[in-house]
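The next block holds one structure in the form of structure tokens; read it before the comments.
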Amino acid sequence: TMDGALKKAPIFVVTIKHMFPNPEHRDYFLDFLAATVQGYKLNVGIVLNDKGGTGKTLIMEYMIAEFLDDNCKKFSRRQLNDKFNDWMMRKQLLFGDEIAINKDNRNDVEDFLKDFITSKKQPIRGMRENWVEVSNRANMIIASNKDTPIYIEDNDRRWNFFNPGTVYEVDCDQPWHLIHSPEWKALGIENTIDGRDRALAEAVYVGAYLYVRKPDLKKLTNAIDTD
């Protein structure tokens, strides 16, 4: 059951709650992940735009990517600019880490991202290979701590921008950091390595939860107001 899976994934529960203190935003993100795990192609993408330390790496790299395995691909800004894009083939989720579009290639990358989000087919080319067109079943999440990771028009409903993190009343430079969460402290995590190891161990339960969660596909048709 969903509840049974979540009971075995306390790091996931605490981290998601910290990242999305707004319940509506949290449900939308979880529905997005659930729809992705279940194989739905969505016409929206997600941008996680924070200052670091909110837990997105734990969720995306040590849980979601671990569960999806080869069906998830982490990509870099350099790969967005590369003329060879066969790394995108046959994926359910593409996760862009520390993405920021520079002014020199802004239009090309923006056009590519717009097309990728909504297109059912994707042109693919590997090194020393011809272009081929394959089914596009992947959804996309972009993470960045840059002020402007991507540029979008005001009426563009393809992207959801979230600013993850709960700000705590602590006397430090990073009051939004996950380690300041009372619920995180209650987990008794000793250090970063311990946290990552326990997150990896939870991946199968997180995947099971997302596989049986019923996403609101109608809500996922368009971006929501996250201001």
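Only a predicted model underlies this, so the values are computations on that prediction, with no experimental measurement involved.
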| said: Which residues pass the side-chain contact (heavy atoms from CB on, under 4.5 Å) test with R90, not counting sequence neighbours? | reply: none

| task | Decide yes or no on side-chain contact (heavy atoms from CB on, under 4.5 Å) for Y62 and D197, but give the supporting numbers first. | result | CA-CA 8 Å; Y62 292 92; D197 287 345; over 6 Å; no

| task | Starting from W131, walk the hydrophobic network (Ile, Leu, Val, Met, Phe, Trp, Tyr; side-chain heavy atoms closer than 4.5 Å) and list everyone else you reach, by chain and number. | result | none

| Residues in side-chain hydrogen bond (donor to acceptor under 3.5 Å, both in side chains) contact with R198, at least two apart in sequence or another chain | none

| Partners meeting side-chain contact (heavy atoms from CB on, under 4.5 Å) with A65 (sequence neighbours left out) | C72

| E183: side-chain hydrogen bond (donor to acceptor under 3.5 Å, both in side chains) partners, not counting sequence neighbours | K17

| request: For D86, check side-chain hydrogen bond (donor to acceptor under 3.5 Å, both in side chains) against everything at least two apart and list the hits. | output: none

| task | Output all residues satisfying side-chain hydrogen bond (donor to acceptor under 3.5 Å, both in side chains) with H18, sequence neighbours left out; order by chain, then residue number. | result | Y168

| query | Hey, mind stepping through Y40 and L220 against side-chain contact (heavy atoms from CB on, under 4.5 Å) and telling me if it holds? | reply | CA-CA 10 Å; Y40 291 99; L220 292 171; over 6 Å; no

| request: Determine, stepwise, if the pair N43 / R158 fulfils side-chain contact (heavy atoms from CB on, under 4.5 Å). | output: CA-CA 6 Å; N43 291 329; R158 295 180 181 90; over 6 Å; no

Could you tabulate the donor-acceptor pairs under 3.5 Å formed by side-chain atoms of residues 201-212, not counting sequence neighbours?
residue: E202; atom: OE1; partner: I11; partner atom: N; Å: 3.3
residue: E202; atom: OE1; partner: F12; partner atom: N; Å: 3.0
residue: E202; atom: OE2; partner: I11; partner atom: N; Å: 2.9
residue: Y209; atom: OH; partner: R213; partner atom: NH1; Å: 2.5

| request: Output all residues satisfying salt bridge (Lys or Arg N to Asp or Glu O under 4.0 Å) with E61, sequence neighbours left out; order by chain, then residue number. | output: K74

| request: With sequence neighbours excluded, tell me which residues meet side-chain contact (heavy atoms from CB on, under 4.5 Å) with D3. | output: T1

| field | For F75, ring pair (Phe, Tyr, Trp, His ring centres under 6.0 Å) partners two or more places apart | value | W87

| said: So which atom in N191 and which in D194 form the shortest heavy-atom distance, rounded to 0.1 Å? | reply: OD1-N, 2.8 Å

| Intermediate values then yes/no, side-chain contact (heavy atoms from CB on, under 4.5 Å), I117 and W159 | CA-CA 9 Å; I117 292 295; W159 292 99; 3.8 Å; yes

| request: Would you please name every residue forming a side-chain contact (heavy atoms from CB on, under 4.5 Å) with K219, sequence neighbours left out? | output: Y28, D216, I224

